[in-house]
Amino acid sequence: MTATWMSGAAPRQAAAIPGPAAHPIAWYTVAGALTTGLQEVLFLGTRPLLGALAANVLALALTTIANTEFQRRVTFAGSPASPLRVHLQSVGTFAFYAGYGSVVLLSLHLFTPAPSAAVQAVALALASALGGLARFAVLRWWVFPPR
């Protein structure tokens with residue numbers, strides 16, 4: 001990009017977002033908390049119609065897309081990312097959380113024959129937080145490697 005000043009054209013760098021690149025863990029946590037909250041709302045809203053497993057998969061499909069785009073644009077802004085890696089990470093994240101969440105939901109029946117929606121939602125949120133640690137490592141060092 002060039003800017004024209006009174007003395008003529010001078011090259012100028014586009015301003016980068018200063019905060020997110022400096023604190024990826026903080027931004028990752030914010031995005032994770034927001035999308036987990038959205039996932040819980042979607043899960044609780046669709047659970048009566050679809051059942052717990054299908055509601056979880058639908059909520060994950062919608063929130064994984066939003067979360068990955070946020071991570072790309074804000075948390076890891078400025079880091080090089082192969083489009084193939086971004087897509088593979090999104091598909092892998094969805095598959096991981098769909099399988100992991102399904103196992104968590106089915107495992108609840110070992111402890112209580114009919115877990116409530118609240119218990120299921122809390123279990124999914126805790127599972128999401130634990131899975132998020134592994135996802136951060138994948139995003140940070142494989143999908144959006146430091147320069």
Where do L105 and L53 land on the side-chain contact (heavy atoms from CB on, under 4.5 Å) test, with the steps shown first?
-> CA-CA 7 Å; L105 289 171; L53 294 176; 3.8 Å; yes
Using links of under 4.5 Å between side-chain heavy atoms of ILVMFWY residues, direct or through other members, which residues join L34 in one cluster?
->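 Members besides L34, by chain and number: V30.
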Check whether [X] and [Y] end up in the same hydrophobic cluster, where Ile, Leu, Val, Met, Phe, Trp and Tyr are linked by side-chain heavy atoms less than 4.5 Å apart.
{"X": "W27", "Y": "L133", "answer": "no"}
{"X": "L58", "Y": "L49", "answer": "yes"}
{"X": "L84", "Y": "I65", "answer": "no"}
{"X": "L106", "Y": "L108", "answer": "yes"}

List for me each residue that meets side-chain contact (heavy atoms from CB on, under 4.5 Å) alongside S90, sequence neighbours excluded, and say none if there are none.
->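 S90: side-chain contact (heavy atoms from CB on, under 4.5 Å) contacts with T68.
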So, do L60 and F43 sit near enough that their side-chain heavy atoms are less than 4.5 Å apart?
->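 Answer no - side chains too far apart.
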Relative to the ring of F96, is the ring of Y100 parallel (under 30°), tilted (30 to 60°) or perpendicular (over 60°)?
->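 If you compare the ring of Y100 with that of F96, the planes turn out parallel.
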Show your working on side-chain contact (heavy atoms from CB on, under 4.5 Å) between R47 and N56 and close with a plain yes or no.
-> CA-CA 8 Å; R47 182 182 172 273; N56 181 50; over 6 Å; no
Shortest non-hydrogen separation from [X] to [Y] and the atoms involved:
{"X": "V119", "Y": "P115", "result": "CG1-CB, 4.2 Å"}
{"X": "A123", "Y": "V104", "result": "CB-CG1, 3.8 Å"}
{"X": "A31", "Y": "N67", "result": "O-ND2, 3.5 Å"}
{"X": "A55", "Y": "L50", "result": "N-CB, 4.0 Å"}

Inter-residue atom distance L62.CG - L38.CG, 0.5 Å rounding =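 Spacing of CG (L62) from CG (L38) equals 8.0 Å.
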Any side-chain donor near an acceptor of the partner, T64 and T93, under 3.5 Å |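 Per modelled atom types, T64 and T93 side chains form no pair under 3.5 Å.
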Backbone of V57 reached by a side-chain donor or acceptor of Y97 within 3.5 Å =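 Flag not set: sc Y97 to bb V57 has no pair under 3.5 Å.
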Would you check if the side chain of T46 reaches a backbone N or O of L42 as a donor-acceptor pair within less than 3.5 Å?
->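 Yes: the side chain of T46 pairs with the backbone of L42.
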